[in-house]
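Below you'll find the structure, written out as structure tokens, and then a few comments.
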Amino acid sequence: MTASRRPSLRLILRDLAAASAFASMAVSGALPLWAVGVFAFGLGLALFGKRILAERHLLAFAILGTSAIFLCSAVAASSWDLVLAACTFAGIITLSRMLAAPTPSTDNQVHLTSLLMAAGGAALSAEMFFALCLVVFAVLSMLSLGLSTLESPGAGQIKPHRAAIRQLLVGAAFAVLGAGVFFLAFPRLSWNLAARRNPPALGTPSTGFSDRVQLGGDGRIKTSPRIVARVRLTPDPGTRQLDAYWVGQPLDIFNGREWTAWEQSPHRAAVAILRARKNRFVYQDVEILPAYGSRTLVAMERPAMFLNARANLSSGTTATQLLRVGPEQVRFADAASGYSYRAISSPPLGGAEEAEPDERESISEAYLQLPSPLDPRVSTLAQRIAGNEKDPLRVAHRLEDYLKKNYRYTLELQDATDPLADFLFRRRSGHCADFATALAVLLRSQRFPARVAVGFYGGERMADHYVLRAGDAHAWTQVWLRGKGFVSLDATPENHRASQPGWFLDWVTRWYEVMEQHWRTGVVDYSIRDQAQLAHQLIERPTSMSLKLPSLAAPAAAASMIALLGAATWLRRRRGKKTRPDAAALLGLRLERALRRARLQRQGEDLEETTRRLLAEAHPFHRSLASISQRYLEVRFGGRSLGEGEAGHLARSLTRAIARTHA
Amino acid sequence: MSNAIGGSALFARWRALLRPPRSLRTTPAGRICMIITLGVGVGALNTGNNLLYLVLGLLLSAIVVSGVLSERSLGPLSVRRLGTDAAFAGEPFAFRWLISRPKGSSFALEISEAATDLQGEGKIAHLTAGVEQSVRATLLAPTRGPRQLTGIKISTRYPFGFFIKSRVVPSPGTLLVYPGRQPAAASNPLSARHQPLGESANPHRGGGSGDLLDLRELRPGEDARRIHWIKSASAGKLLRAEREQEERDTFVLRLEANLSGGPLERRCAETAAIARRLLSQGYNVGLEAEGSRLRPSHGAIHERRILEALAWIGFEGPQR
């Protein structure tokens with residue numbers, strides 16, 4: 001019952017086109033895994049020519065009916081989004097048609113439902129790979145449709161695949177270019193409100209944020225180049241590396257093995273105000289990507305306010321609320337794949353001395369709490385380094401310098417019963433959490449209030465914004481100074497604070513981010529304002545020489561490119577004319593060579609003469625040669641054309657006939 | 001009067017000028033594709049989703065590319081009609097055209113006769129430049145009679161099968177469709193003849209006068225008196241002498257006047273069938289019909305003349 005036949009080129013192209021259309025939906029990350037798995041399995045069957053639904057119409061109908069009922073119920077129960085359900089159903093229909101007997105009707109059904117899937121992909125995501133899938137789908141389906149018009153019944157026995165494919169490929173290239181021109185020029189009459197901004201997170205999201213930080217934990221996150229957040233700053237500092245601390249959550253309580261934060265009953269609001277706004281602000285428009293994997297908001301040091309929070313759900317972008325879970329920790333109320341918000345901070349300009357005054361004159365004794373039992377060598381060490389110094393900031397700097405100079409940064413961690421003592425007195429190497437903990441505990445041992453803050457360190461310029469990578473996750477120390485509040489100190493060596501990815505991964509992510517940036521600004525967020533700007537640039541008259549040069553450069557480059565292409569085409573054609581002999585003449589040479597090798601052709605004889613002589617001699621081979629020779633003469637002098645692969649077939653027939661005769 | 005004629009000629013010229021050089025039809029798949037394009041367009045305008053604009057742009061460009069590629073396929077084609085040997089009403093017959101193009105390639109062409117009731121078309125998957133290719137079609141004409149052929153219609157579904165674009169290459173001509181060759185339901189004309197004398201009832205009874213024209217093998221049932229014994233002896237088989245004037249029985253088939261429509265078609269078909277049967281049996285057959293008269297004669301050429309005369313009955317044309 002299962003139709004199994006090697007699929008033709010047309011069917012392979014059709015099925016791959018359908019797969020591209022499905023991939024355009026799948027890159028959104030919104031499709032359920034079972035749907036992706038089922039489609040991949042079905043695609044494999046189709047590509048191997050196993051049309052399992054070829055004669056099982058009832059089964060196909062039952063599958064479609066069951067899927068429709070399931071998806072409708074899911075939508076009715078609000079567990080599935082309507083667009084997502086429609087896209088999934090389109091995928092199931094396409095798959096059932098791919099596995100049915102290949103007829104012109106099923107071909108058209110596959111192409112049309114694939115088109116619906118591509119449109120569904122546009123509705124599901126704003127991911128850059130969508131464009132790639134769309135282009136692949138367009139090219140493959142155009143080729144497949146073109147071949148199906150040539151393979152229609154009665155259209156002749158010779159399938160001109162090569163010639164047609166060449167022309168169809170050129171057509172597809174023009175279609176893609178045309179789509180670009182249409183996209184740029186067609187007036188936008190509405191704002192892009194429906195785009196879903198939830199690009200998929202490949203791999204497990206990992207930022208390192210949690211309610212607690214355990215010493216001796218995994219430090220491999222430092223090598224991760226994944227971009228987890230994009231930030232636009234106002235005012236824009238314009239530097240390539242920002243080297244700023246991005247606070248996620250301060251941790252206050254240390255029990256000897258792990259840090260935890262004070263909990264308070266969460267307070268839900270649209271705007272979270274952490275402290276009074278000062279005179280100097282940095283506004284941050286933050287976009288959290290799905291690779292972030294946490295609901296904690298980050299902002300530059302001394303965050304004052306969080307507002308305008310929006311969550312990227314599978315159904316679109318929507319406003320979300322904020323939960324204030326600690327004195328300086330804010331989380332998103334709703335789980336989503338990505339978020340955007342605005343943060344306002346008043347970060348210190350330079351050293352800690354320039355920190356803005358804090359209203360609090362005293363601080364909780366909890367910031368002096370030490371783990372019990374604490375290795376007595378810790379206090380001794382702190383005392384030895386601090387000496388007679390009583391100023392907390394100077395003591396903190398002494399301790400910070402000591403740790404930086406005498407301890408080594410490593411990601412190769414070992415578990416220990418007392419991780420702090422192990423770091424300070426045995427291993428003398430660790431990662432940022434070890435350095436931050438050591439500094440905080442050393443400060444506390446000298447009765448200076450301190451805590452550990454976790455978040456990010458760095459900020460790398462990409463186009464007009466900064467990005468934070470997963471490897472930028474960092475922990476550092478904050479010491480409380482009367483009148484200044486918590487001031488950041490970092491005992492981790494400078495070159496180990498930000499991410500440390502391998503060069504290749506770094507290069508890939510940089511390249512991807514640049515492309516993604518162009519994609520978002522040039523395609524996803526392209527609006528009527530950009531169109532007006534583009535039109536203005538096109539019609540704008542250059543006012544100075546400096547403007548004239550670039551305006552001339554583009555047409556000159558285009559003209560050079562066209563001239564080069566033209567020259568290349570001309571050369572290719574000329575060379576082709578010179579070097580490529582006539583196919584019929586080539587066939588004649590092949591046949592004559594075969595005859596000479598078999599010692600059937602005499603010196604100076606052509607194919608026709610040999611045929612005539614063998615006929616006169618009633619040679620047993622003459623019948624086979626006569627038919628082949630006649631075909632050659634038709635092609636060479638009769639204006640008939642050779643079919644695709646016919647020359648090879650004739651030559652092989654001749655060789656076989658010679659072998660039979662000799663046998 | 002002359003003004004009126006001049007005006008109508010001008011109008012016809014204007015109409016010819018305004019007539020589109022190509023005709024375009026959508027296939028069912030093309031219609032669905034257009035509906036999807038419309039839907040995507042409405043979705044893009046309604047939501048402002050730029051990716052939907054991208055899909056819409058791709059669909060519209062594909063439609064434009066489809067137009068350009070099909071135009072290239074139909075472009076500089078030259079086609080001429082080879083026609084057919086004989087076309088009989090209600091019977092499929094082979095029809096041929098010769099098609100070529102000076103440069104470029106054409107794909108998936110369908111060739112048919114424009115503005116006629118002839119059913120069927122010839123197909124060619126690939127036409128390369130500089131090669132004149134013969135295209136064969138099996139056509140079907142539902143009724144007999146002359147067909148005024150105005151032009152050859154070349155169509156293509158290439159490249160995507162969503163549209164059928166056609167052009168008509170003017171090529172005036174006439175195709176005469178003979179009456180169908182269905183078995184005649186009419187009575188046997190042999191039963192209606194007068195009582196013969198002696199051997200005269202035998203259509204092969206011999207006779208004939210004049211010089212000896214030819215010798216041929218004696219067929220079963222033929223008169224033994226026609227055997228040329230000397231030549232037969234030397235050849236070792238029975239040979240029959242053929243003379244200049246062979247004597248045959250003569251039948252004149254008459255078609256009633258004032259017939260039209262279905263009855264006329266039926267009578268024509270029956271007459272053609274009777275004529276064929278009589279001619280194959282060696283009789284002389286003549287035809288008398290409205291405005292047409294054929295002297296009794298025999299042979300394949302005469303059969304063709306009778307068929308032509310029957311095909312023209314009821315039509316204005318070269319009736320005899």
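Within every chain, numbering begins at 1; the chains are lettered A, B, ... in the order of the sequence lines, protein sequences first and strands thereafter. The model shown is predicted, which means the values in this text are computed figures rather than measured ones.
Around CZ of B:Arg72, the count of heavy atoms belonging to other residues, nucleotides or ligands within 6.0 Å does not exceed 12. No more than 12 heavy atoms of other residues, nucleotides or ligands lie within 6.0 Å of CZ in B:Arg25, so this atom counts as exposed by the packing criterion.
For A:Leu145 against B:Phe162, the heavy-atom pair with the smallest separation is CD1-CZ, 3.9 Å. Shortest non-hydrogen contact noted between A:Leu134 and B:Leu58 is CG-CD2, 3.7 Å. Looking at every heavy atom in both residues, A:Leu168 comes nearest to B:Pro159 through CD2-CB, 3.7 Å. Smallest separation of non-hydrogen atoms from A:Ala122 and B:Val55: CB-CG2, 4.0 Å. Among all heavy-atom pairs drawn from B:Ser61 and A:Ala179, the shortest one is OG-N, 3.0 Å. Shown here for A:Thr149 and B:Gly161, the closest heavy-atom pair between the two residues is CG2-N, 3.4 Å.
Only the side chain of B:Leu60 comes within less than 4.5 Å of a heavy atom in chain A; its backbone stays farther off. With a 4.5 Å cut-off on non-hydrogen atoms, B:Leu56 touches chain A through its backbone and its side chain both. Of the atoms belonging to A:Ala119, heavy atoms from both backbone and side chain fall under 4.5 Å from chain B. For A:Phe174, the parts lying near chain B are the backbone and the side chain together; criterion is any non-hydrogen pair under 4.5 Å. Only the side chain of B:Ile36 has a heavy atom closer than 4.5 Å to any heavy atom of chain A. Both the backbone and the side chain of A:Leu112 come within contact range of chain B, judged by heavy atoms closer than 4.5 Å.
Each of B:Val40, B:Val68, B:Leu59, B:Ile63 has some count of heavy-atom pairs under 4.5 Å with chain A, and the biggest count is that of B:Leu59. With respect to chain A, the highest number of heavy-atom pairs below 4.5 Å among B:Ser134, B:Gly57, B:Ser105 belongs to B:Gly57. Chosen from A:Ser141, A:Ala172, A:Ser105, A:Gly171, the residue pairing most often with chain B at heavy-atom distances under 4.5 Å is A:Gly171.
Taking OG of A:Ser24 as the start and CG of B:Leu51 as the end, the distance is 10.0 Å to the nearest 0.5 Å. Rounded to the nearest 0.5 angstrom, A:Ser144 OG and B:Phe160 CZ are separated by 11.0 Å.
Inter-residue side-chain proximity for A:Gln167 and B:Leu69 is flagged as met; some heavy-atom pair is nearer than 4.5 Å.
In this structure a side-chain-to-backbone donor-acceptor pair under 3.5 Å is present from B:Asn50 to A:Tyr526.
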